[in-house]
Amino acid sequence: MGHIGIARDIAATYPDGAYVNLGIGQPTLVADHLPEGSGVVLHTENGMLNMGPAAHGDHVDPDLTNAGKIPVTELPGASYFHHADSFAMMRGGHLDVCVLGAFQVSAAGDLANWHTGAPDAIPAVGGAMDLAIGAKRVWVMMTLLDKQGRPKIVPECTYPLTGVGCIDRVYTDHGTFDLAPDGVRARDLAGITRDELGYLLAGVVIADSDHPEQPVRD
C-alpha cells in the first residue's frame with residue numbers, strides 16, 4: 001500500500017467533528033481524502049483552522065499554505081490567527097488527533113521524528129514536540145521499514161526522542177498497529193502475515209489482537 005492508501009485509511013478513521021492537526025510530510029496527504037460532510041476541522045501549526053485540500057493550478061495562493069509551505073485551500077468558516085495562539089491550541093489539549101511522520105516509534109509509544117544524526121538533518125524539533133504531548137490522541141503515518149529495510153517500530157528508539165509514551169496508533173504500508181501496554185497489536189495487515197510481521201519486528205512483543213478477523217488490505 002502506498003502513501004495515498006494510508007492517507008485514505010486515516011481520513012476514514014477520524015471521529016466526525018474532530019479537530020485534527022496534520023504534521024509536515026506524508027500526513028498532509030490526509031487533507032485530500034477526508035469524507036465529505038465529516039465535519040473534521042483541520043488545524044495548521046502556522047495559524048489556520050478549517051484548512052481544505054491541497055491547492056492546484058489557479059487555486060494556488062502563495063500566502064495560503066500549511067506548515068510545510070504547501071499551498072492549500074480554505075473551507076467555509078476558515079479562520080486565521082497568530083502563531084502563538086496556534087501553539088496555545090496545540091499545547092492546551094484542544095486538538096482531538098494529530099498525525100505525525102516518524103523515523104522510529106518504540107513499542108512503548110515513544111516517538112523519534114526530528115533527527116537521525118545525518119549532516120543535513122533538520123536542526124531543531126519544531127512544533128512536533130508540542131503536538132506529541134498536547135493532542136488527545138497521536139497517530140503516526142510512516143512506512144514500516146526504512147530505506148535500508150530496517151523496522152521503524154522498534155523495542156527502543158535509537159534516535160533523539162520527540163516525545164515519550166505519546167503514540168497511540170501507527171499507520172503503515174504493511175498494516176495499522178495500536179500500541180498497548182502488553183505489546184503492539186495489529187488492527188489490519190497488508191501484504192504480510194502475522195508470522196512475517198513477527199520476523200520483521202524482531203524484539204518487539206506482538207500482542208494478541210483485539211481484532212481477531214483482521215482484514216488484509218490490498
Looking at side-chain heavy atoms only, is the closest gap between [X] and [Y] below 4.5 Å?
{"X": "Ser86", "Y": "Met90", "result": "yes"}
{"X": "Met141", "Y": "Ile10", "result": "yes"}
{"X": "Met48", "Y": "Glu74", "result": "yes"}
{"X": "His83", "Y": "Glu45", "result": "yes"}
{"X": "Thr172", "Y": "Thr143", "result": "no"}

Spacing of [atom1] belonging to [X] relative to [atom2] belonging to [Y], to within rounding of 0.5 Å:
{"X": "Ile167", "Y": "Gln104", "atom1": "CD1", "atom2": "CD", "value": "12.5 Å"}
{"X": "Arg8", "Y": "Asp32", "atom1": "CZ", "atom2": "CG", "value": "10.0 Å"}
{"X": "Asn50", "Y": "Tyr80", "atom1": "CG", "atom2": "OH", "value": "9.5 Å"}
{"X": "Leu197", "Y": "Ile153", "atom1": "CG", "atom2": "CD1", "value": "7.5 Å"}
{"X": "Ile206", "Y": "Arg194", "atom1": "CD1", "atom2": "CZ", "value": "7.0 Å"}
{"X": "Thr176", "Y": "Arg187", "atom1": "OG1", "atom2": "CZ", "value": "7.0 Å"}

Over 12 foreign heavy atoms within 6.0 Å of CD, Glu196: yes
Crowding at CD, Gln148 (>12 non-hydrogen neighbours, <6.0 Å):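 Yes, because the 6.0 Å sphere around CD of Gln148 holds more than 12 heavy atoms from other groups.
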Can you name the closest pair of heavy atoms from [X] and [Y] and give their distance?
{"X": "Ala202", "Y": "Pro155", "result": "O-CG, 4.3 Å"}
{"X": "Ser106", "Y": "Cys157", "result": "N-SG, 3.6 Å"}
{"X": "Leu145", "Y": "Gly149", "result": "CD2-O, 3.9 Å"}
{"X": "Phe177", "Y": "Ala186", "result": "CD2-CA, 3.7 Å"}

For the hydrophobic clusters of this structure (ILVMFWY residues joined by side-chain heavy atoms under 4.5 Å, transitively), does one cluster hold both [X] and [Y]?
{"X": "Val140", "Y": "Phe103", "answer": "no"}
{"X": "Ile192", "Y": "Val170", "answer": "yes"}
{"X": "Leu111", "Y": "Val204", "answer": "yes"}
{"X": "Leu34", "Y": "Tyr171", "answer": "yes"}
{"X": "Phe81", "Y": "Phe87", "answer": "yes"}

Test log, rule side chain to side chain donor-acceptor pair (under 3.5 Å), inputs Thr44 and Asn46: CA-CA 5 Å; Thr44 67; Asn46 53 322; 3.0 Å; yes
Treating [X] as the side-chain partner and [Y] as the backbone partner, does any N or O pair qualify as donor plus acceptor under 3.5 Å?
{"X": "Thr73", "Y": "Pro53", "result": "yes"}
{"X": "Asp178", "Y": "Arg185", "result": "no"}
{"X": "Asp110", "Y": "Val164", "result": "no"}
{"X": "Asn113", "Y": "Gly101", "result": "yes"}
{"X": "His174", "Y": "Ala190", "result": "yes"}

Qualifying residue for side chain to side chain contact (heavy atoms under 4.5 Å, CB included) with Met142, from Asp173, Val105, Leu100: Val105
Let me have the donor-acceptor pairs involving side chains of residues 17-30, under 3.5 Å, with sequence neighbours excluded, atom names and distances please.
{"residue": "Asn21", "atom": "ND2", "partner": "His43", "partner atom": "O", "Å": "3.2"}
{"residue": "Asn21", "atom": "ND2", "partner": "His43", "partner atom": "ND1", "Å": "3.0"}
{"residue": "Gln26", "atom": "NE2", "partner": "His3", "partner atom": "NE2", "Å": "3.3"}
{"residue": "Thr28", "atom": "OG1", "partner": "Gly25", "partner atom": "O", "Å": "2.8"}

Sequence-distant partners of Tyr14, ring pair (Phe, Tyr, Trp, His ring centres under 6.0 Å), two or more places apart: Trp139
Leu144 and Leu201: CA distance, side-chain angles, deciding distance, side chain to side chain contact (heavy atoms under 4.5 Å, CB included) verdict: CA-CA 9 Å; Leu144 185 62; Leu201 304 186; 4.1 Å; yes
Check against side chain to side chain contact (heavy atoms under 4.5 Å, CB included), Met51 and Val41: CA-CA 7 Å; Met51 179 188 78; Val41 176; over 6 Å; no
N-O pairing of Lys152 and Asp146 below 4.0 Å: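 Looking at Asp146 together with Lys152, the answer is no, because their closest N to O distance does not fall below 4.0 Å.
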Arg137/Asp96 salt bridge by N-O under 4.0 Å criterion: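 Salt bridge between Asp96 and Arg137, a charged N being under 4.0 Å from a carboxylate O: no.
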Would you give me the side-chain donor-acceptor pairs under 3.5 Å for residues 61-72, sequence neighbours excluded?
{"residue": "Asp61", "atom": "OD1", "partner": "Asp63", "partner atom": "N", "Å": "2.9"}
{"residue": "Asn66", "atom": "OD1", "partner": "Gly68", "partner atom": "N", "Å": "2.9"}
{"residue": "Asn66", "atom": "OD1", "partner": "Lys69", "partner atom": "N", "Å": "3.2"}
{"residue": "Asn66", "atom": "OD1", "partner": "Ile70", "partner atom": "N", "Å": "3.0"}

